[in-house]
Amino acid sequence: MYQITRRNFLKLSGALAGTAFIASPTGYFSFKSRAAAAPVDDETHIVPVVCNHNCGGRCQLKAYVRNGKIIRLITDDSPDTEKMPQLRACLRGRSTANRLYHPNRLKYPMKRVGKRGEGKFERISWDEATSLIAQNLREVLDKYGNHAVYIQYGTGDRGAVSGRFSAFRLMNLLGGYLSYYNSYSSACANYAAPYILGKELDNNGYDTLVYSKLIILNGFNPAETVFETNSNYWLAKAKAAGAKIIVIDPRYSETAATFADQWIPIKPTTDTALFVAMAYVIIQENLQDQAFLDNYCLGFDEAHMPEGVPAGNSFNSYVLGVGDGQPKTPEWAEAITGIGALTIRQLARDYATIKPAQLMQGLGPQRHAQGELSVRMGAVLAAMTGNIGKLGGGSGTGEGGRKNSLKIKTTLPVGTNPVKASIPVFLWTDAVVRGTEMTAADGVKNGPLTSNIKFIWNMASNTLINQHSDINKTIKILQDENLIQFIVASDHFITPSLKFADVILPSDHAFERDDLGYPWSGDQYVVLGSKAVEAPGECKRDYWWISQVADKMGIGVRFTEGKSDVDWLKQIVADAQKSEPGFPSWEELKQAGCFKKEANLHVAYAKQISDSEKYPFKTPSGKIEIFSKTLFAMNHPEIPGVPKYIAAWEGPSDPLIEKFPLQCIGPHIKRRTHSIFDETPWLEEAEGQTMWMHPDDAAVRGISNGSKVKVFNDRGALIIPVQLTQRIRPGVVAIPQGAWYTPDAAGVCQRGCINILTSQRPTPLAHGNAQHTLLVQVTKL
Ligand SMILES: Nc1nc2c(c(=O)[nH]1)N[C@H]1C(S)=C(S)[C@@H](COP(=O)(O)OP(=O)(O)OC[C@H]3O[C@@H](n4cnc5c(=O)[nH]c(N)nc54)[C@H](O)[C@@H]3O)O[C@H]1N2
Ligand SMILES: Nc1nc2c(c(=O)[nH]1)N[C@H]1C(S)=C(S)[C@@H](COP(=O)(O)OP(=O)(O)OC[C@H]3O[C@@H](n4cnc5c(=O)[nH]c(N)nc54)[C@H](O)[C@@H]3O)O[C@H]1N2
Ligand code: SF4
Ligand SMILES: [Mo]
């Protein structure tokens, strides 16, 4: 059906996947888009489209369309310059046609006929579907009020007129809805970073990596997770320029395989112990940048503490063991992290002496039990080594920072939410069960809630079941029809989440409509994808049916202002032309498919470091708060005033490890964006769903490579083929997150969805999702 054969495609994915870079890291550069070579005959035309899923990047694709079908996909073939490299799509984006023409596409609206979750649906008309939604919405609003309506987190559609933005707009016109804060991505990092640095996660941009002499990637795997379309391009450049690259990860990730000079396999949840021991070495060997600490920081030592805090609470005192009698030596950390003391000493010396050095952390280390602490501790190390605010250095908190300064709007106008109450996103299941009882201690802001959640909008989201933790617990909550009255969900497939909805709606795909796409904003560009082909069956854009619901709620005209989805896109572009000099017209953008603007290098906190009097850090003291009085005053054992190592529940020293002896993490892998593409045959062939396990852990269990195993804990169980590999440290297994929950009659997942095993216990400060913190046992079948 497609001109690109599966064989060629798989070869291509291999080249992009990372491991192929080992032999030739520069291969990344030599790979060129093949647009120029592509023949176009009379019947074939090329349409620029956008990949709008949530990997952080935003790539341009070009669809070869013949007889109304996409027969081939290529990627950005615009000029490839140093300042603005091409936005080349990955294996996922390039296999989208395989997803588009999948036989299981949801094509018609349906309503539930069996019990909720049973998966029995019958086809209905759009009119009946939108009437059912409007009727239930009206009932819930009348009976329970606006706090009862919740718009689920969901990242499948990152376009400007997405279903979620449309629902925000509608609900704001109807008196508001219960909102959330945080994300599943970076709850701990974004919540904790302001306490030490005064603003949400920020670090130097990826293009500054070429100025770094040392790059430490902690739990960061851009060879698979991307984050910014060209993150790997810049890493490869930095390597070619001679930077030493160290990857700290329980797995020898694709990034480690591709770029690392050294791999440090750490036990999950123990990063803070490693960092604290590095601080010990730096202090012992007097390698710290004392001038930087004295000028910019609060709480490093007893001489720089805020008033009114008892002696012995500085970071230095903690590291040296003043209070607890335990100096945080590399030997202390070796027992916790599983990393040899010598390695820790050398890592500390490297980081303190090779300058400038960038400590970049992925979001994996913070999706853990006390995920806030590794973020804070990364910033402390970056301050101790004087790397914050320096070109080639970095803040130590997160991945590459944001430099996008385009003055454009990225959504249709959604209005203002009259409801001020909000919940941490991870606690939505709690808000269904006990919303009105939740307090500030649960992270509720501007509470109390006047109702539990009774109505859920679930568009472009698999978070209702698949991507949220502890699926068995969630199922019980959703099945209880006394709790939630109504769930409406739209998607391309009947996903595990859609099975639990009351009305399910078929969405068109980004390639089947005009759509604007924006990156997570590391780069300055906008992609305008054009409608390449017709959507199948009765698939509609979410905006369309939400307009119908608005109409039935009596506010149709106020909702649409007479505009179609494309009219809103045109308005966004017209507004951008006014606010952003040089921004193209709608017609020009349609033609080009993309607007790129060269960006300046982004050095996070450069202003504060250049003139700390004029530009203080936005913390209470105006300094980098290694000690935070605000956190100290919370007087919470898991929220210390200075970052400390606190052993995780379900971590390597939890007594539960006797029963469930393996730590289990759920990495984001290249063949899926979360649960998207799980259904795609080409990608299944490129990378099946398997669990990584160390041969030593397999040997004691009599498990052989490729065999199916059962993985379980007290929350649930799954079956998965095992891949024995030295690429993971003993005692740890990795089950890629995002596989579709596929239960047998006993509820055992046959596909390997990790969230059957994860916990809903939130992190202490951010109330975030610790979805990488779990203990399991593995047995052969
Ligand atoms: N291909 C692909 N790309 C994606 C996504 C996707 O689903 N697929 N999702 C996108 C989204 S929304 C997000 S939020 C990001 C997620 O990006 P991340 O959160 O950074 O990705 P993870 O794979 O969860 O974790 C990164 C690495 O951390 C390691 N790790 C786990 N626990 C620990 C630990 O305790 N310490 C250390 N040092 N390392 C640890 C994992 O082995 C993994 O290699 O990726 C984005 N990009
Ligand atoms: N155990 C574990 N769980 C995790 C994570 C983890 O690391 N470990 N990571 C977490 C993270 S970082 C995140 S961001 C979440 C992601 O959670 P989600 O955002 O729920 O994940 P996706 O799988 O991307 O689901 C998006 C859905 O949108 C649909 N979709 C795509 N395009 C469209 C469209 O145009 N219209 C409509 N209506 N639907 C569309 C897709 O088919 C898909 O079913 O998962 C979290 N869950
Ligand atoms: S999944 Fe991400 S990296 Fe891959 S094509 Fe889409 S936007 Fe680009
Ligand atoms: Mo995410």
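Both ligands and their constituent atoms are indexed starting at 1 by order of listing.
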Taking 4.0 Å as the limit for heavy-atom contacts, which would you say applies to Ser507 with ligand 2: side chain only, backbone only, both, or neither? side chain
Do Ala460 and ligand 2 have an N or O pair less than 3.5 Å apart? yes
Tell me whether the centres of the aromatic rings in Phe220 and Phe227 are closer together than 6.0 Å. yes
In this structure, atom 23 (O) of ligand 2 is nearest to the protein heavy atom Ser675 OG, 2.5 Å
Please state which part of Phe493 comes within less than 4.0 Å of ligand 2, counting heavy atoms only: side chain, backbone, both or neither. neither
Quick one: do Phe168 and Tyr177 satisfy ring-ring contact (aromatic ring centres under 6.0 Å, His included)? Show the steps, please. CA-CA 8 Å; Phe168 293 152; Tyr177 59 94; 5.4 Å; yes
A side-chain contact here means heavy atoms from C-beta on lying under 4.5 Å apart; do Phe660 and Leu757 qualify? no
So Gln60 and Gln86, do their side chains get closer than 4.5 Å, heavy atoms only? no
A quick test of your reading: do over 12 heavy atoms of other residues, nucleotides or ligands sit less than 6.0 Å from NZ of Lys596? yes
Does Arg158 reach ligand 2, in the sense of a heavy atom lying below 4.0 Å from it? no
Location of contacts on Gln467 toward ligand 2, heavy atoms closer than 4.0 Å: both
Flag Thr155 as yes when one of its N or O atoms lies below 3.5 Å from any N or O atom of ligand 2, and as no otherwise. yes
Charged N to carboxylate O below 4.0 Å: is that the case for Asp565 and Arg513? no
How far is atom 42 (O) of ligand 2 from its nearest protein heavy atom, and which residue and atom name does that atom have? Asp491 OD1, 2.6 Å
Which residue and non-hydrogen atom of the protein lie closest to atom 5 (C) of ligand 2, and at what distance in Å? Gln737 OE1, 3.2 Å
Of all the non-hydrogen atoms in the protein, which one sits nearest to atom 32 (N) of ligand 2, and at what distance? His492 CE1, 3.2 Å
Do the non-hydrogen side-chain atoms of Ser759 and Trp649 ever get within less than 4.5 Å of each other? yes
By the definition side-chain hydrogen bond (donor to acceptor under 3.5 Å, both in side chains), identify the one residue from Asp80, Thr75, Thr229, Asn232 that meets it with Arg88. Asp80
Would you say Ile484 and Leu478 make side-chain contact, with heavy atoms under 4.5 Å? yes
If we number the atoms of ligand 2 from 1 as shown, the ones under 4.0 Å from a heavy atom of Gly154 are 19 (O)
Cationic tip of Arg99 above Phe677 ring, under 6.0 Å, 45° of axis: yes
Salt bridge (Lys or Arg N to Asp or Glu O under 4.0 Å) between Asp514 and Lys531: does it pass, once the steps are laid out? CA-CA 5 Å; Asp514 288 353; Lys531 177 175 174 167; over 6 Å; no
Check contact between Gly163 and ligand 2, using heavy atoms of the residue and a distance below 4.0 angstrom. no
If you define the side chain from C-beta out and look only at heavy atoms, does anything of Trp545 sit under 4.5 Å from Ile133? yes
So, do Phe165 and Tyr543 have ring centers that fall under 6.0 Å from each other? no
My understanding is that we take every heavy atom of each candidate and find the minimum distance to atom 7 (O) of ligand 2. Doing that for Arg513, His668, His468, which one comes out nearest? His668
Taking heavy atoms and a distance under 4.0 Å, where does Ile754 meet ligand 2: side chain, backbone, both or neither? side chain
Please classify the Arg99 to ligand 2 contact at 4.0 Å (heavy-atom distances, strictly less than): side chain, backbone, both or neither. side chain
Which atoms of ligand 2 have any heavy atom of Asp508 under 4.0 Å away? 35 (O)
Closest heavy-atom approach to atom 16 (C) of ligand 2 among His772, His674, Gln771, Arg367 is made by His674
Could you tell me whether ligand 2 has any atom less than 4.0 Å away from a heavy atom of Ala510? no
Heavy-atom proximity to atom 38 (N) of ligand 2, picking from Cys753, Ser490, Ser185, points to Ser490
Number the atoms of ligand 2 from 1 as they appear, then name those within less than 4.0 Å of a heavy atom of Thr495, with their elements. 44 (O)
Find the distance between CZ (Phe511) and CG (Leu73) and round it off to the nearest 0.5 Å. 5.5 Å
Do me a favour and list the nearest non-hydrogen protein atom to atom 1 (N) of ligand 2 with residue, atom name and distance? Asn755 OD1, 2.7 Å
Among non-hydrogen protein atoms, atom 10 (C) of ligand 2 lies closest to Tyr184 CB, 3.7 Å
Heavy atom of His509 under 4.0 Å from ligand 2? no
Taking only non-hydrogen atoms of Ile676 and a 4.0 Å limit, the atoms of ligand 2 in range are 23 (O), 24 (O), 41 (C), 43 (C)
Between Thr463 and ligand 2, does any nitrogen or oxygen pair lie at a separation below 3.5 Å? yes
About how many Å separate CD of Glu679 and CD1 of Ile494, when rounded to the nearest 0.5 Å? 13.0 Å
Counting both backbone and side chain atoms, is some N or O of Asn462 under 3.5 Å from an N or O of ligand 2? yes
Parallel under 30°, tilted from 30 to 60°, perpendicular over 60°: which one fits the rings of Tyr184 and Tyr153? tilted
For atom 8 (Fe) of ligand 3, how many protein N, O or S atoms come closer than 2.8 Å? 1
Kindly indicate whether the side chain of Val50, heavy atoms from C-beta on, has any atom under 4.5 Å from the side chain of Arg58. yes
Using distance alone, determine whether Asp542 and ligand 2 share an N or O pair under 3.5 Å. yes
Residue, atom and distance of the protein heavy atom nearest atom 14 (S) of ligand 2 read Tyr153 OH, 3.0 Å
Close side-chain approach of Arg105 and Leu100, heavy atoms under 4.5 Å: yes
Should Asn466 be listed as contacting ligand 2, given a heavy-atom distance under 4.0 Å as the test? no
Output, in order, the C-alpha distance, side-chain angles, deciding distance and verdict of salt bridge (Lys or Arg N to Asp or Glu O under 4.0 Å) for Arg751 and Asp678. CA-CA 10 Å; Arg751 173 75 183 139; Asp678 195 40; 2.6 Å; yes
Is the shortest side-chain heavy-atom distance between Leu412 and Arg169 below 4.5 Å? yes
